[in-house]
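Here is the structure we will look at.
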Amino acid sequence: MELMDEKYMREALQEADAALREGEIPIGAVVTCRGRIVGRGHNMTERLHDPTAHAEMIAITAATEAVGGKYLNECTLYVTVEPCPMCAAALNWAQVGRIVYGAIDPRRGYTLFSPSLLHPKTEVEAGVLGDACSALIKDFFKDKRP
């Protein structure tokens, strides 16, 4: 499972790079189901002028369209940074089976507020390619906030 987690986290990092090229906070996400990617997303809050257009939200929408239903209980979300409470709640409503994230978000991550935001059956794996995910976000903010 570890190699697959790294493979898909690299895909999420590619999405984060796309966000960076567009001037967005570099967070990316992919959703997999039965060994294939069914949804991709990266932050689009600036482009869409929408504070809810987080990578996870974009990826959830793409994935539910691809699987033809609102539940993703057989799917895994890979995201470069720990989901915020809003995204965690959306992942709960979608009943995502598993969440894998890279960098911990010590300021806005859902675990600071309430780990119970997730569906009780959702499995969580933190720290996959955490150094690469963390470096991308830290470099972005270092350039923004000298």
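These values consider heavy atoms only, across backbone and side chains, with no hydrogens, waters or symmetry-generated copies.
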Checklist entry - Run the salt bridge (Lys or Arg N to Asp or Glu O under 4.0 Å) check on R108 and D105 step by step: do they pass? => result CA-CA 6 Å; R108 296 179 187 236; D105 187 343; over 6 Å; no

Checklist entry - Can you tell me if CD1 on I104 sees more than 12 non-hydrogen neighbours from other groups inside 6.0 Å? => result no

Checklist entry - How about E22: does its CD atom have over 12 heavy atoms from other parts shown lying under 6.0 Å from it? => result yes

Any sub-3.5 Å donor-acceptor pair from [X]'s side-chain atoms to [Y]'s backbone N or O?
X	Y	answer
N43	E24	no
T122	L118	no
T80	A12	no
T64	T61	yes
E82	T111	yes
H119	K121	yes

If every non-hydrogen atom of [X] is compared with every non-hydrogen atom of [Y], which pair is closest and at what distance?
X	Y	value
E56	C84	OE2-N, 4.3 Å
P85	G109	CD-C, 4.4 Å
G41	I58	CA-CG2, 3.7 Å
P26	A19	CA-CB, 4.0 Å
C133	A103	CB-N, 3.8 Å

Next on the checklist: Assess the residue pair L91 and I60 against the criterion (side chain to side chain contact (heavy atoms under 4.5 Å, CB included)); give the C-alpha distance rounded to whole Å, side-chain angles, the decisive distance to 0.1 Å, and a yes or no.
Outcome noted: CA-CA 8 Å; L91 292 163; I60 289 168; 3.5 Å; yes

Checklist entry - Say you draw a straight line from CD1 of I37 to OG1 of T76; how long is it, rounded to the nearest 0.5 Å? => result 11.5 Å

Item to check | Interatomic spacing from CD in Q14 to NE2 in H42 - rounded to 0.5 Å | outcome: 12.5 Å

How about [X] and [Y]: do any of their side-chain heavy atoms sit closer than 4.5 Å?
X	Y	answer
D50	M44	no
V100	L77	no
H54	T45	yes

Checklist entry - Is there a side chain to side chain contact (heavy atoms under 4.5 Å, CB included) between I99 and E125 once you walk through the steps? => result CA-CA 6 Å; I99 299 169; E125 176 81 24; over 6 Å; no

Checklist entry - For the residue pair Y78 and Y8, does the interplanar ring angle fall in the parallel (under 30°), tilted (30 to 60°) or perpendicular (over 60°) class? => result tilted

Item to check | R98 and D5: CA distance, side-chain angles, deciding distance, side chain to side chain contact (heavy atoms under 4.5 Å, CB included) verdict | outcome: CA-CA 11 Å; R98 186 166 179 255; D5 287 347; 2.8 Å; yes

Next on the checklist: Y71 vs V96, test: side chain to side chain contact (heavy atoms under 4.5 Å, CB included). Steps then yes/no.
Outcome noted: CA-CA 7 Å; Y71 297 120; V96 170; over 6 Å; no

Checklist entry - Run the salt bridge (Lys or Arg N to Asp or Glu O under 4.0 Å) check on D17 and R10 step by step: do they pass? => result CA-CA 10 Å; D17 284 336; R10 283 187 185 86; over 6 Å; no

Checklist entry - If you group Ile, Leu, Val, Met, Phe, Trp and Tyr by side-chain heavy-atom gaps below 4.5 Å, do M4 and M9 land in one group? => result yes

Next on the checklist: Count I, L, V, M, F, W, Y as connected when their side-chain heavy atoms are under 4.5 Å apart, and connections chain through other members. Are M57 and V67 then in the same cluster?
Outcome noted: no

